[in-house]
Amino acid sequence: MEKIKNLVIVESPAKSKTIEGFLGKEYKVTSCYGHIRDLEKKNSGIDVKDKFKPNYIVPSEKKAVVRELKKLVEKSETIWLATDEDREGEAISWHLKDELKIDDKKIKRIVFNEITKKAILNSIQNPRQIDIDLVEAQQARRILDRLVGFELSPILWRKVKPNLSAGRVQSVAVRLIVEREREIQNFTSESAFRIVGDFIVKDKKGKKTLLQAELGKRFSTEKEARSFLELCKNAEFTVDSLEKKLAYKSSAAPFTTSTLQQEASRKLGFSVSKTMLVAQKLYESGKITYMRTDSTILSEFAIQAAKDNIIENFGNEYSNPHQYVTKSSSAQEAHEAIRPTYFENASVDGTKDEKSLYGLIWKRAIASQMSDAKLERTTVKISMSNNDLNFTAKGEVILFDGFLKVYLESTDEENGDNESEIIPPLKSGEKLNFSEIAATEKYTRPPARYTEASLVKKLEELGIGRPSTYAPTISTIQKRGYVSKDELKGRERNYKELTLVDKKITEELKSEITGADRGKLLPSNIAMLVNDFLINYFPNILDYQFTANVEEELDEVAEGKIDWHKMLDEFYTPFHKQVEHTLDNSERVSGERILGTDPTTGKQISVRMARYGAVAAITNPDDENDKPKYAGLRLNQKLETITLEEAIELFKLPRTLGEFENSEVSVSIGRFGPYVKHFSKFYSMPKEFDPYEITLEEAIGVIENGRIKEAEKTLKIFEQDAAVKIMNGRWGPYIKSSKGMVRIPKGTKVDDLVFEDVQKIIEEAYPTKKKSTKKKK
DNA sequence: CAGTGAGCGAGCTTCCGCTTGACTT
């Protein structure tokens, strides 16, 4: 058997390739692909009564990895456990030792948080043993999360709905979204008149130009605004003061996972999962450093390389090499910040997405090592002769661009009217005339809904979740139906504008769209019900501070100050009591609200959560035999805010529009949204139509389009059975039957298939046995 | 996929944090 002198195990395969290059022939480097074991899923995987004894197993998808590692370990003299330098990494090392049964004497634990030759050789010089306190802190974290998740979720199945879930991270994420939505619901918008004047000035070349200045006060009523404009008619305007100030702008730190997700969302429109997918590709091809990190630290090598690049391309005065302190308090800093591997590559080959994300990472990292920008900010105050109020204009001139030459971080604020302009040369005491002064009614805006990226930002601020889980958490809460990203249409709103020109005030009623939103995280009715339920019975777990408190205790475990059993026991004993109390004492959650009486029938109208979603019901409480009528709530209608009028409106569906080809055409809303029904066939209604307003002609159009689309997708039909068809789908041709869909076996040509073959394929996929029909959701 | 919403009951669901491919309706 061929012997291996040194076996180095790291977490990621891409890393292992790089490191092998640094270490030479005596070393073989391999990877374990993250955790190799986890708590068993059945029976919670924890024996609570036996001091929280965990039952670890190797999941099936990791069996091959473990088998391979075992072989290598047996052949090796020394095993260098080089997993990440954080709690999880330490635990992975311990699991490797335990599962692969490696002798302590053969183990050397090494850590490095940058993949440079120097750092790795240095780590080889300073091996240590596994830090068991740190491992126990991880174990406590893992067990606590399992206990919380696997005791809370079943309560929800019983009290709210099956398949729901709750957990330390996801439930807080949902809470943030629910609370923001309620803030928006309860927000009362107020309007005030904003006054902006266009003053006539001369620019450097003596050419006439306009200087826009805003009055320091807004007027809450139109009357006040109007009388102010009246005053302006006869006022004399004077440049009162001219203040110039030097200001400096600093670049932002290089990317962490969270800031990369935020910027890629704002600048490139990527979802957080897309950002991670593209970043993974760049990492695997060696173009960037590791993309799951909470650190803003750059290696010495990187700082030097950035410096060289900046001096060469922009000059000495643009270089400002420095390190950024990581802001996030929960950071474990096992890796570097996200940066290009080679700064000399300002761009790379690859897909369009890879190119643009790489460009962003390169610019951000380079900018982070560049000088501050130097600006001159000018504030001009314009006073009035018959009034104490002042107009103010602000301007900004860049004296030295510094890092702005390559990159400027964007913000979440939607207010675009802060652009600074260049202030023309003015003198204090100079008299000014205006060409126009406008008073525009402006409404206050409710707080903005979370985007995926702004939610990640918030979670990171709260210390909840880790770089590797931000994207999965967001997809989990969407999968569970707590959150969706539907488009909100908004409504029209009028506002007034008064304009003063040539001593004449004109008035105009304008309109704008308000409340429209897209791509934002919207909570579902279920999210609101579950959130209220959990906050009621488990306020401690839903507390924004909960994770922070847990982390503090885990730190004490890691420092060997407290025993992990004790820490878990102090948490679990009261928690489990809460669980039992809730199971015994809580009512089933239905979210029922009685809205009032239906004016046409005199029966009761209520809303509640039903099996397939929120419904409105017309019921007769006095007569049990009177069959209730149901209508599903529309997308974005909320159980807690829907009004009686809106509920009555729902019962206007289904609407019968008339006849087409001698069959009735009707419209309604089903599980998959609004549809047109004709001749017992359903056609989804495109978004531009409203089922309450669509006309017969438009509905016929929907039917005809639907037929064309279906014909395009249909490859083959059979005379023997109209329900069986061969269709063309996303993954190629498939058979559609009343039993379900089946993929056509590989290598089979659609043209060759006869009805009997198709029947056989269907029969194989959906056997007509008494039980165990394979169903997939 | 399927345009319902009754009610029964078996058997299932679920957490967070490390990592990538295998696989999909």
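Computed from a predicted model, the values in this text were never measured in an experiment. A note on names: the letters A, B, ... follow the listed sequences, proteins ahead of strands, and every chain is numbered from 1.
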Tell me: [atom1] of [X] to [atom2] of [N], nearest whole Å?
{"X": "A:His35", "N": "B:dC18", "atom1": "NE2", "atom2": "C1'", "value": "4 Å"}
{"X": "A:Glu40", "N": "B:dT14", "atom1": "CD", "atom2": "P", "value": "17 Å"}
{"X": "A:Asp38", "N": "B:dG17", "atom1": "CG", "atom2": "C1'", "value": "9 Å"}
{"X": "A:Arg146", "N": "B:dT14", "atom1": "CZ", "atom2": "P", "value": "12 Å"}
{"X": "A:Glu664", "N": "B:dG3", "atom1": "CD", "atom2": "P", "value": "18 Å"}
{"X": "A:Leu134", "N": "B:dG17", "atom1": "CG", "atom2": "P", "value": "15 Å"}
{"X": "A:Ile618", "N": "B:dG5", "atom1": "CD1", "atom2": "C1'", "value": "14 Å"}
{"X": "A:Glu90", "N": "B:dC18", "atom1": "CD", "atom2": "P", "value": "14 Å"}

Which of these nucleotides, [options], is closest to any side-chain atom of [X]?
{"X": "A:Val615", "options": "B:dC18, B:dC15, B:dG5", "answer": "B:dG5"}
{"X": "A:Pro162", "options": "B:dT19, B:dT13, B:dG17", "answer": "B:dT13"}
{"X": "A:Pro13", "options": "B:dT20, B:dC18, B:dT14", "answer": "B:dT20"}
{"X": "A:Val169", "options": "B:dC15, B:dG17, B:dG5", "answer": "B:dG17"}
{"X": "A:Thr469", "options": "B:dT14, B:dC16, B:dT19", "answer": "B:dC16"}
{"X": "A:Gln170", "options": "B:dC15, B:dT19, B:dT13", "answer": "B:dC15"}

So does [X] get a side-chain nitrogen or oxygen closer than 4.0 Å to the phosphate oxygens (OP1/OP2) of [N]?
{"X": "A:Arg158", "N": "B:dT14", "answer": "no"}
{"X": "A:Gln280", "N": "B:dT20", "answer": "yes"}
{"X": "A:Ser165", "N": "B:dT14", "answer": "no"}

query: Taking A:Glu90 for the side chain and A:Arg87 for the main chain, is one N or O donor matched with an acceptor at less than 3.5 Å?
result: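 Judged by distance alone, no pair lies under 3.5 Å.
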Scan side-chain atoms only and decide if [X] and [Y] contain a donor-acceptor pair under the 3.5 Å cut-off.
{"X": "A:Tyr482", "Y": "A:Thr476", "answer": "no"}
{"X": "A:Arg109", "Y": "A:Thr83", "answer": "yes"}
{"X": "A:Tyr572", "Y": "A:Glu151", "answer": "yes"}

field: Audit row: A:Ser165, A:Gln170, side chain to side chain donor-acceptor pair (under 3.5 Å) steps and yes/no
entry: CA-CA 8 Å; A:Ser165 64; A:Gln170 60 169 279; 2.7 Å; yes
task: By nearest nucleotide on DNA chain B, pick out whichever of A:Gly632 and A:Phe150 is the more 5' one.
output: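 Its nearest nucleotide being more 5', the pick is A:Gly632.
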- prompt: With rounding to whole Å, what would you report as the distance between B:dC1 and B:dC23 at their P atoms?
  reply: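 Comparing P positions in B:dC1 and B:dC23 gives a spacing of 24 Å.
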Pairwise P distance for B:dT14 and B:dT25, with rounding to whole Å: 16 Å
